[in-house]
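Pasting a structure below so you can have a look.
Quick caveat: nothing in here was measured; it's all calculated off a predicted structure.
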Amino acid sequence: MLALVACAFLSAPQFVTVPAGQYRVGSREKQNNPARVVRLKAYEIAKFETTNDEFAAFVKATGYVTDAERLGNAMVFQPPLPEFRWIRDKTAQWRFPNGVTRGGIEGKGRHPVTSISFNDATAYCKWAKVRLPSLEEWEAAARAGTSGDHFFGEVGKIGEYANIWHGRDHTKADNSDGYVTTAPAGSFKANPWGLYDVYGNVFEFCTGRLPTDKSKATVHARGGSWWCSKNSCSFFNSVDVGGVNPRASFSNQGFRVARDAKG
């Protein structure tokens with residue numbers, strides 16, 4: 001197993017400061033994320049994706065009920081399924097990310113919280129006095145000063161840095177890296193700026209619009225997930241951007257928080 005457990009992980013968010021400056025983002029090959037230079041104010045972004053323990057603290061303090069709990073609309077995955085086929089499960093929600101019959105999050109407090117919507121993520125941020133990163137902030141932090149699609153260079157190294165699906169397809173479970181679905185936050189190598197799981201594990205919600213957006217009812221997420229493979233949804237990179245409805249919930253969808261830099 002190539003996973004490397006981070007030696008320092010706390011239940012409260014730890015942040016990396018990204019200094020103000022100009023950053024290259026996008027790609028000439030991406031219509032929805034064209035190559036450009038953006039100027040960003042200084043900000044801080046969490047080293048780790050928001051965990052089950054952190055979200056549980058929010059729910060305990062506020063009594064918050066997620067969209068999946070209210071709407072019964074969460075989409076889950078359990079092999080064997082054809083490519084891009086997911087199942088709607090009315091029992092699925094953050095405590096049971098793939099539905100009650102597939103087990104809960106007991107003993108998985110350090111795993112990223114999933115089966116929550118963009119609305120749920122923003123509600124958490126309001127309570128925690130943080131925010132979601134913008135599309136450009138996420139990309140600048142993910143690139144960590146590099147210029148390619150992957151901060152580590154050749155895509156063949158992805159298994160050292162990201163929890164993804166290594167199987168040829170999704171017709172049988174893949175635990176070749178030690179995890180079928182989510183991995184504990186920080187289980188793989190960090191990027192050069194000390195951020196873990198920017199690729200793989202779970203898609204991360206961001207704020208902002210794309211030039212190709214046709215509906216205001218679309219929000220965006222980046223970085224790919226445990227489900228993504230080189231043959232299906234290979235979004236484990238710095239340039240691709242996904243879209244979803246603000247109330248949609250998937251068991252490979254989570255978030256990472258950010259905040260304005262102090263001072």
Side-chain angles (χ1 to χ4, degrees), residues 9-15 43-77 86-135 137-138 181-186 196-197 201-208 216-223 225-227 242-260:
F9 182 90
L10 301 177
S11 59
Q14 301 175 61
F15 291 90
Y43 63 98
E44 297 179 350
I45 188 165
K47 288 185 177 182
F48 303 102
E49 294 165 332
T50 304
T51 66
N52 286 317
D53 279 348
E54 289 168 337
F55 198 78
F58 159 60
V59 171
K60 182 177 180 179
T62 64
Y64 183 82
V65 179
T66 62
D67 277 338
E69 291 171 280
R70 294 188 302 103
L71 303 176
N73 65 343
M75 301 297 290
V76 307
F77 175 82
W86 286 63
I87 305 168
R88 180 172 176 173
D89 189 325
K90 293 183 179 180
T91 72
Q93 38 105 338
W94 71 275
R95 295 181 182 88
F96 297 93
N98 281 292
V100 170
T101 62
R102 300 174 185 91
I105 60 171
E106 292 81 7
K108 296 183 176 181
R110 285 177 48 193
H111 285 239
V113 64
T114 64
S115 291
I116 57 169
S117 69
F118 179 86
N119 293 340
D120 301 331
T122 55
Y124 171 91
C125 287
K126 183 177 180 180
W127 170 78
K129 295 181 174 57
V130 292
R131 59 178 175 81
L132 296 175
S134 70
L135 291 165
E137 287 174 334
W138 185 94
T181 59
T182 58
Y196 295 84
D197 305 308
N201 221 14
V202 296
F203 272 102
E204 299 177 12
F205 283 124
C206 298
T207 60
K216 293 182 179 179
T218 299
V219 294
H220 299 289
R222 309 198 63 174
S225 74
W226 56 262
W227 186 91
V244 70
N245 184 280
R247 294 193 182 280
S249 302
F250 288 80
S251 59
N252 68 337
Q253 177 66 70
F255 65 101
R256 180 189 307 266
V257 301
R259 64 189 181 189
D260 296 340

TODO: Quick one: sort the Trp86 and Phe250 rings into parallel, tilted or perpendicular, breaks at 30° and 60°.
DONE: perpendicular

Open item on the list: For the CG atom of Asn73 and the NZ atom of Lys90, what is their distance to the nearest 0.5 Å?
Closed with: 10.5 Å

TODO: Taking the side chain as every heavy atom from C-beta outward, state whether Val244 and Val219 have any pair of such atoms under 4.5 Å apart.
DONE: yes

TODO: Give a yes or no on whether the backbone of Val130 and the side-chain of Arg259 come within a donor-acceptor separation of less than 3.5 Å.
DONE: no

TODO: State, with a plain yes or no, whether a side-chain heavy atom of Leu135 is found less than 4.5 Å away from one of His220.
DONE: yes

TODO: Indicate the atoms forming the closest heavy-atom contact of Phe205 with Ile116, along with that distance.
DONE: CE1-O, 3.8 Å

- [ ] Calculate, to the nearest 0.5 Å, the distance between atoms CE and CG belonging to Met75 and Asp89 respectively.
- [x] 10.0 Å

- [ ] Taking the side chain as every heavy atom from C-beta outward, state whether Phe255 and Asp120 have any atom pair closer than 4.5 Å.
- [x] no

Task: Residues which pass side-chain hydrogen bond (donor to acceptor under 3.5 Å, both in side chains) with Glu69, listed by chain and number, not counting sequence neighbours - done: Thr66, Arg95

Open item on the list: Looking at Arg102 and Phe77, would you say the former's side chain and the latter's main chain have a donor-acceptor pair under 3.5 Å?
Closed with: no

- [ ] Answer yes or no: is there a donor N or O on one side and an acceptor on the other, between the side chain of Tyr43 and the main chain of Glu137, under 3.5 Å?
- [x] yes

TODO: Take Val76 and Phe96 through the test side-chain contact (heavy atoms from CB on, under 4.5 Å) and record every step on the way to the result.
DONE: CA-CA 10 Å; Val76 307; Phe96 297 93; over 6 Å; no

TODO: Decide yes or no on side-chain contact (heavy atoms from CB on, under 4.5 Å) for Glu54 and Tyr124, but give the supporting numbers first.
DONE: CA-CA 9 Å; Glu54 289 168 337; Tyr124 171 91; 3.7 Å; yes

Open item on the list: Just so I know, are the side chains of Ile45 and Arg256 near enough to count as touching, which here means a heavy-atom distance under 4.5 Å?
Closed with: yes

Task: Qualifying residue, where the test is side chain to side chain donor-acceptor pair (under 3.5 Å) with Asp67 and the options are Ser249, Ser115, Ser117 - done: Ser117

TODO: Answer yes or no: is there a donor N or O on one side and an acceptor on the other, between the side chain of Trp226 and the main chain of Ser251, under 3.5 Å?
DONE: yes

Open item on the list: Working to the nearest 0.5 angstrom, can you tell me the gap between Asn252 CG and Phe203 CZ?
Closed with: 6.0 Å

Open item on the list: For Trp127 and Phe58, take the angle between the two ring planes, folded into 0 to 90°, and tell me which bin it lands in: parallel under 30, tilted 30 to 60, perpendicular over 60.
Closed with: tilted

Open item on the list: Nearest 0.5 angstrom please: Asn119 CG to Leu71 CG, how far?
Closed with: 9.5 Å

TODO: Might you work through the side-chain contact (heavy atoms from CB on, under 4.5 Å) test for Asn201 and His111, ending with a clear yes or no?
DONE: CA-CA 9 Å; Asn201 221 14; His111 285 239; over 6 Å; no

Task: Nearest heavy atoms of Gln253 and Ala221, plus distance in Å - done: OE1-CB, 3.6 Å

TODO: Compare every heavy atom of Cys125 with every heavy atom of Val257, then report the nearest pair and how far apart it is.
DONE: CG1-SG, 4.0 Å

TODO: Please name the pair of heavy atoms, one in Ala185 and one in Thr51, separated by the smallest distance, quoted to 0.1 Å.
DONE: CB-CG2, 4.2 Å

- [ ] First locate atom CG of Asn98, then atom OG1 of Thr114, and finally report the distance between them rounded to the nearest 0.5 Å.
- [x] 7.0 Å

Open item on the list: Main chain of Gly186, side chain of Asp197: is a donor-acceptor contact present, judged purely on distance under 3.5 Å?
Closed with: yes

Task: Arg222 to Cys206 - nearest heavy-atom pair and separation - done: CG-SG, 3.9 Å

Open item on the list: On a heavy-atom basis, which atom in Ala68 and which in Ala92 lie closest, and how many Å separate them?
Closed with: CB-O, 3.7 Å

